[in-house]
Amino acid sequence: MGLKIQEKRVVRATEEFVRNYFESESSGHDWWHIYRVRNLALKIAKREGGDLFLIEMAALLHDLDDWKLNEGSEESKIKKWLTSIGFSEEKTTEIIHIVGQVSFKGAGVETRATSIEAQIVQDADRLDAIGAIGIARTFAYGGNRGRLIHHPDSKPEMHSSFEEYKKTTAPTINHFYEKLLLLKNRMNTETAKKMAEKRHRFMEVFLKQFFEEWESKI
Ligand code: NI
């Protein structure tokens, strides 16, 4: 089971486009995030199934229209790209639909991925948001947005609407409680659930030591 030659060409061209697009991104959503999400998604798909071409394309394109990176922009860059390489409207809509289900929108906001393809890309994106890589990306994002590392008086909030979640300017440590530590239990596939465990434990160890150091206990 592999991709057809035509599909391989499309994947390669898309990879090239996305790599250039995210080349100098400095909020943890750079090309190497996309690269890892694609590889994680394909690894999960080997066990869980799904259309490999759609999964790889959706993984490569998943951050192109993300709200965090597109303030004020209404136009779909995914649509523009896929149209430019001759994708049918039907296939374009299918990929946009998958990508649209991937993003996290707040602790109390349900974001359920329905197709197996969307479930897998969402799991892959969430795996890259936790563990050692997740910690590194979270502080990169906080720095990029001018946030404090931690403030003892600022308590985490469980956002119940996407609007509230979007507005937060809280210190980066809060993000672990508002999102990252919740992701382990929100994985869709069994494969991702297993992979999330070690990454989750690593964040717990990190946080424990962070607060011990903060209070000069060690
Ligand atoms: Ni992403």
Side-chain angles (χ1 to χ4, degrees), residues 11 14-45 48 50 52 54-71 73 76-82 95-107 109-145 147 159 162 165-166 168 172 175-176 178-184 186-189 191-193 195-196 199-200 203:
V11 167
T14 303
E15 182 180 318
E16 189 65 23
F17 165 67
V18 173
R19 187 195 279 260
N20 287 331
Y21 186 87
F22 286 113
E23 207 172 19
S24 52
E25 216 286 335
S26 63
S27 77
H29 298 82
D30 54 282
W31 157 250
W32 297 106
H33 162 62
I34 311 292
Y35 166 91
R36 291 187 303 268
V37 169
R38 184 259 304 267
N39 291 347
L40 283 166
L42 292 177
K43 181 175 174 173
I44 298 167
E48 304 280 344
L52 287 180
L54 285 179
I55 289 169
E56 188 161 13
M57 286 297 285
L60 286 171
L61 294 167
H62 85 275
D63 269 340
L64 213 57
D65 289 337
D66 192 278
W67 62 269
K68 291 187 292 300
L69 316 172
N70 284 288
E71 268 162 283
S73 169
S76 167
K77 295 186 187 109
I78 299 179
K79 188 173 180 182
K80 200 171 161 194
W81 166 249
L82 293 178
I95 289 180
I96 288 177
H97 187 65
I98 294 171
V99 171
Q101 296 182 12
V102 171
S103 197
F104 184 87
K105 298 189 172 76
V109 185
E110 182 146 17
T111 33
R112 174 158 286 156
T114 48
S115 66
I116 182 70
E117 287 81 13
Q119 288 179 350
I120 287 173
V121 178
Q122 187 180 62
D123 280 356
D125 196 32
R126 289 179 171 184
L127 283 172
D128 205 57
I130 61 177
I133 297 267
I135 294 169
R137 290 185 61 223
T138 303
F139 286 103
Y141 186 77
N144 178 278
R145 299 295 149 114
R147 301 202 186 149
H159 303 104
F162 183 37
Y165 177 68
K166 264 201 289 199
T168 182
T172 299
H175 194 61
F176 285 85
E178 292 166 355
K179 173 180 172 186
L180 307 185
L181 293 169
L182 309 175
L183 293 180
K184 174 175 75 78
R186 297 191 183 193
M187 296 292 166
N188 303 293
T189 64
T191 307
K193 277 179 197 158
M195 290 169 76
R199 292 172 186 238
H200 182 88
M203 290 193 297

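Both counts, for ligands and for their atoms, begin at 1 and track the order of listing. Both backbone and side-chain heavy atoms feed into the values below; hydrogens, waters and symmetry mates do not.
Ring geometry, Y21 versus F17: the interplanar angle falls from 30° to 60°, so the pair is classed tilted.
Of all N/O/S atoms in D125, OD1 sits nearest the Ni ion (ligand 1). Per residue D63, closest N, O or S atom to the Ni ion (ligand 1): atom name OD2.
With a cut-off of 2.8 Å, the Ni ion (ligand 1) has no N, O or S atom of D66 in range. The Ni ion (ligand 1) has no N, O or S atom of H29 closer than 2.8 Å.
Between the side chain of D30 and the backbone N or O of E25 there is no donor-acceptor pair closer than 3.5 Å. Using a distance-only test at 3.5 Å, with no hydrogens or angles considered, a donor-acceptor pair links the side chain of Q122 to the main chain of Q101.
Of the inter-residue distances, the one linking R199 atom CZ with L183 atom CG reads 11.5 Å to the nearest 0.5 angstrom.
Angle NE2(H62) to the Ni ion (ligand 1) to NE2(H33), rounded to 10°: 100°.
D63 and H33 are linked by a side-chain donor-acceptor pair at a separation below 3.5 angstrom, with hydrogens and angles left out of the test.
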